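Report on the structure given below.
Worth saying up front: this structure is predicted, and the values here are computed from it rather than measured. As the structure lists them, so they are numbered: ligands from 1, and atoms in each ligand from 1.
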Amino acid sequence: MNYRGPLVVATRNEGKLREFRELLAPFGLAVKGLGEFPPIAETVEDGETFEANAVKKASFAAEKLGLATLADDSGLVVPALGGAPGVYSSRYAGEGSSDSENIRKLLEEMKGAADRRASFFCVIAVACPGGGTRTYTGSCTGVITFETSGRGGFGYDPVFYYPPLKATFGEIGREEKNSVSHRGKAMLALKADFERLLQWLEPAPFLEAGGLRCLKEEESI
Ligand code: ITT
């Protein structure tokens, strides 16, 4: 028997949750958002890397809820800005800043920049209570526009122009974005590992009733 869920998606970002629901739909797992549980404290995202923050978010929620949990940490890396906003992408214009405030700051900082390349990065972490974590990574590279275009997606999508599609991520549909995005690519890596992941998530039969245990990394098949 393989693990059949539920899998909690631990994000407070509605845009991300919508994308994950669509990306996870073919996997046949019962996907649950944080909103379906009593509120848990917010994870302090003080890691220096996307991976550290993703692992922290997933394992914190997994421990609190006692369920297998997926989280991602993602963001935009702009070489002309020394890698900013990076792990601070969601709060680039200050704590609690909105997507449009972050975009305004980005366009301001990019004034006069000759090199407008930018990459989105995503690290997905899947954690099991008392178990460990497995991580999957994806990225995609585009160009920062001079003004917003399109109302789709979330975050920096309206200023992220993706040359192969000749459009910003704000101008394309969710399905199209998922087929090329950093999150979509990290999900492809997860998909390639899916059978192993299910076995890793499978409760060990000798555990106490209701207990869910993941094989430790060194035990993994
Ligand atoms: P959670 O931590 O609750 O998941 P968050 O929005 O704070 O929500 P992150 O800390 O991972 O998530 O920050 C990601 C930020 O990076 C996000 O708020 C956007 O500003 C940006 N970002 C990430 N993925 C994006 C995408 O697909 N399109 C546009 N912007 C994205």
Is there a donor-acceptor pair closer than 3.5 Å between any side-chain N or O of Arg91 and the backbone N or O of Ser97? no

Under 4.0 Å from a heavy atom of [X]: which atoms of ligand 1 are those, numbered in the order shown and with their elements?
{"X": "Glu45", "answer": "2 (O), 10 (O)"}
{"X": "Lys57", "answer": "1 (P), 2 (O), 4 (O), 9 (P), 10 (O), 11 (O), 12 (O)"}
{"X": "Asp73", "answer": "9 (P), 10 (O), 11 (O)"}
{"X": "Lys177", "answer": "26 (C), 27 (O), 28 (N)"}
{"X": "Arg12", "answer": "1 (P), 3 (O)"}
{"X": "Thr11", "answer": "1 (P), 3 (O), 4 (O), 8 (O)"}
{"X": "Asn13", "answer": "3 (O), 6 (O), 8 (O), 18 (O)"}

Between [X] and [Y], is any pair of side-chain heavy atoms under 4.5 Å apart?
{"X": "Val44", "Y": "Phe60", "result": "no"}
{"X": "Thr137", "Y": "Phe50", "result": "no"}
{"X": "Leu76", "Y": "Tyr92", "result": "no"}
{"X": "Phe146", "Y": "Arg116", "result": "yes"}

How far is [atom] from its nearest protein heavy atom, and which residue and atom name does that atom have?
{"atom": "atom 24 (N) of ligand 1", "value": "Arg183 NH2, 2.9 Å"}
{"atom": "atom 18 (O) of ligand 1", "value": "Ser90 CB, 3.2 Å"}
{"atom": "atom 30 (N) of ligand 1", "value": "Tyr156 N, 3.1 Å"}
{"atom": "atom 12 (O) of ligand 1", "value": "Lys16 NZ, 2.9 Å"}
{"atom": "atom 28 (N) of ligand 1", "value": "Asp157 OD1, 2.7 Å"}
{"atom": "atom 16 (O) of ligand 1", "value": "Ser89 CB, 3.3 Å"}

Basic-acidic side-chain contact under 4.0 Å: Lys56, Asp46: yes

Is the shortest side-chain N to carboxylate O distance from Glu19 to Arg174 below 4.0 Å? no

Check this for me: Lys191, atom NZ, are more than 12 non-hydrogen atoms of other residues, nucleotides or ligands nearer than 6.0 Å? no

In terms of ring plane angle, is the pair Phe160 and Phe169 parallel, tilted or perpendicular, where the classes change at 30° and 60°? tilted

Backbone or side chain, does any N or O of Glu19 fall under 3.5 Å from an N or O of ligand 1? no

Inter-residue atom distance Ile172.CD1 - Ser179.OG, 0.5 Å rounding: 7.0 Å

Between Lys185 and Gly138 the two heavy atoms that sit nearest each other are CB-CA, 4.0 Å

If you look at every heavy atom in Ala62 and Pro129, which pair is closest and at what distance? O-CB, 3.6 Å

Any heavy atom of [X] closer to ligand 1 than 4.0 angstrom?
{"X": "Leu76", "result": "no"}
{"X": "Gly153", "result": "no"}
{"X": "Asn102", "result": "no"}
{"X": "Glu42", "result": "no"}
{"X": "Phe169", "result": "no"}

For atom 23 (C) of ligand 1, the option (of Ala61, Gly170, Ser74) bearing the nearest heavy atom: Ser74

